[in-house]
Amino acid sequence: MKLNVKKLLLCLAIPLGVGGLASLLSGGMGDYRQQNQPPLSPPGWVFPLVWTILYLLMGYASYRVLVSGKDSAAVRSALKTYGAQLLLNFLWPIVFFGLE
């Protein structure tokens with residue numbers, strides 16, 4: 001498999017942009033720090049780190065699907081499912097922190 005840098009960067013940028021925008025619109029980690037926390041809850045700095053890694057992995061996975069060489073209907077179906085999941089990831093923090 002030959003690396004297509006432009007496609008890879010685009011596939012990485014999309015989920016990072018979605019996650020960044022969701023964080024911006026939801027108010028970031030300020031609300032999390034103000035909530036009542038159970039004793040074993042992770043510190044607030046863990047979430048941006050872990051979600052950045054997860055978004056990068058999702059972007060890489062979408063790149064692998066895109067360049068897989070499978071028939072276009074299968075690729076399109078997989079990317080539509082990925083897009084729906086990414087939309088839910090975008091909406092969740094906005095709804096959760098917006099509705100407190």
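It should be emphasised that the depicted structure is a prediction, and the values quoted were computed from it without experimental measurement. What's counted below: heavy atoms across the whole structure, side chains too, no hydrogens, waters or symmetry copies.
- Taking CG of Leu56 as the reference point, atom SG of Cys11 lies at 12.0 Å (rounded to 0.5 Å).
- Phe96 and Leu88 are assigned to two separate hydrophobic clusters, defined by single-linkage of ILVMFWY side chains at heavy-atom distances under 4.5 Å.
- With values rounded to the nearest 0.5 angstrom, Leu16 atom CG is found 11.0 Å from Leu54 atom CG.
- Looking at Tyr55 and Ile14, their side chains never come closer than 4.5 Å, going by heavy atoms from C-beta outward.
- Side-chain contact between Leu79 and Leu66: present, with at least one pair of heavy atoms (C-beta onward) separated by less than 4.5 Å.
- Looking only at side-chain heavy atoms (C-beta outward), Asn4 and Lys2 stay at 4.5 Å or farther from each other.
- The distance from atom CG of Leu86 to atom OG1 of Thr81, rounded to the nearest 0.5 Å, is 12.5 Å.
- For Thr52 (side chain) and Pro48 (main-chain N/O), a donor-acceptor pair under 3.5 Å exists by modelled atom type.
- Scanning all heavy atoms of the two residues, the minimum distance from Leu12 to Gly59 falls at CD2-C, 4.0 Å.
- Residues Trp51 and Phe47 place their aromatic rings such that the two centres sit no closer than 6.0 Å.
- Expressed to the nearest 0.5 Å, how far CD1 of Ile53 lies from CE of Met58 amounts to 12.5 Å.
- Pairing each heavy atom of Val65 with each of Ala78, the nearest pair is CG1-CB, 3.8 Å.
- A pairwise comparison of heavy atoms in Leu8 and Tyr60 identifies CD1-CD1, 3.9 Å as the closest pair.
- Once rounded to the nearest 0.5 Å, the distance linking OG of Ser23 with CZ of Phe90 reads 11.0 Å.
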